[in-house]
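Notes for the one structure printed next.
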Amino acid sequence: MSYVITPPATVSVPVVGRPERFPVNRVYCVGRNYVEHAKEMGFTGREAPFFFLKPSDAVVAVDAGQTGSVAYPSLTKDFHHEIELVAAIGTGGKNIKAADAMKHIYGYAVGLDMTRRDLQGEMKKQGRPWCIGKAFEQSAPIGPITPAAQAGDVANAQIWLQVNGQDRQRSTVSKLIWNMAEIIEHLSAAWDLQPGDLIMTGTPEGVAAVVAGDTLVGGVAGLESLSVRISA
Ligand code: MN
C-alpha cells in the first residue's frame, strides 16, 4: 500500500510487564460521573451517562517512573486537571450487557482529562460542541496500562491527584455514579467498541487550574501512577 501523504503514526501506551504496547483507537470520555464533581460543575442528581471523544493523538503516553510533558495549550486562561481511571478495551463489541462487560477490558491506567475550562464553559453556554474545550493536542496524558488480572480491586481503589506535592483531588472509584460495567453497556449501545479503545471514566471533585511549571502526579491504588509537567 502506498499513500499520497505520510500516514499518521499509531498512537500507543506502554503495558506494565510487557515489551509490547497497547495501540490506541478511540478515546471515549464520560461526563460528570462522580456526584461531588457534578455538584461543583453546577449539576445535581443521577443523569443518564453522556460521552464525548478525544482524538487518539491527544494521548501523551508516559512511561513508568518518567514525567511526561504537556504544553500549556493556546486560547485558554483556565487549563484544568481531571484525574481519571482509564479502561483499555481488549475485545470489542456492540450492545454489551453490563454482566458481560468486564471481560472486554484488557487493563487499566491512570489518565488526565485536561480541559480548557473557559472554552468548554463558553460552548456549554451557547449549546455548542465541547471539542475546543476537551479534544485538543496533549489533552489526554496516560500512564502505563496494568493488565486487569494484575490491577487489584480497581472498583474500590483510591484515586488522587497532587499538584506540586499538594492534594487537589482525592476520592475513591467506588463513588462513580455509573460503574465500569454500566459505562460499557451504555457506550456499546451507541458505538461499536473496538480493541484499542480507551475509556476515561470521569473525575472526582477538586478540578482546578494549572499553570506552566506545575508538576501533576496522579494515581489509582494498584496502578502505575502518572506524572506530567506543564510546559510553557
Ligand atoms: Mn473528564
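One-based numbering, in listed order, for ligands and for the atoms of each.
How far CG of Leu198 is from CG of Asn25: 9.0 Å, rounded to the nearest 0.5 Å. How far CZ of Arg32 is from CZ of Phe43: 3.5 Å, rounded to the nearest 0.5 Å.
Aromatic ring orientation, Trp178 versus His186: perpendicular (interplanar angle above 60°, classes split at 30° and 60°).
Of all the N, O or S atoms in Glu84, the one closest to the Mn ion (ligand 1) is OE2. Looking at Asp113, its N, O or S atom nearest to the Mn ion (ligand 1) turns out to be OD2. The name of the N, O or S atom in Glu82 nearest to the Mn ion (ligand 1) is OE1.
Among all heavy-atom pairs drawn from Ser56 and Val27, the shortest one is CA-CG2, 4.2 Å.
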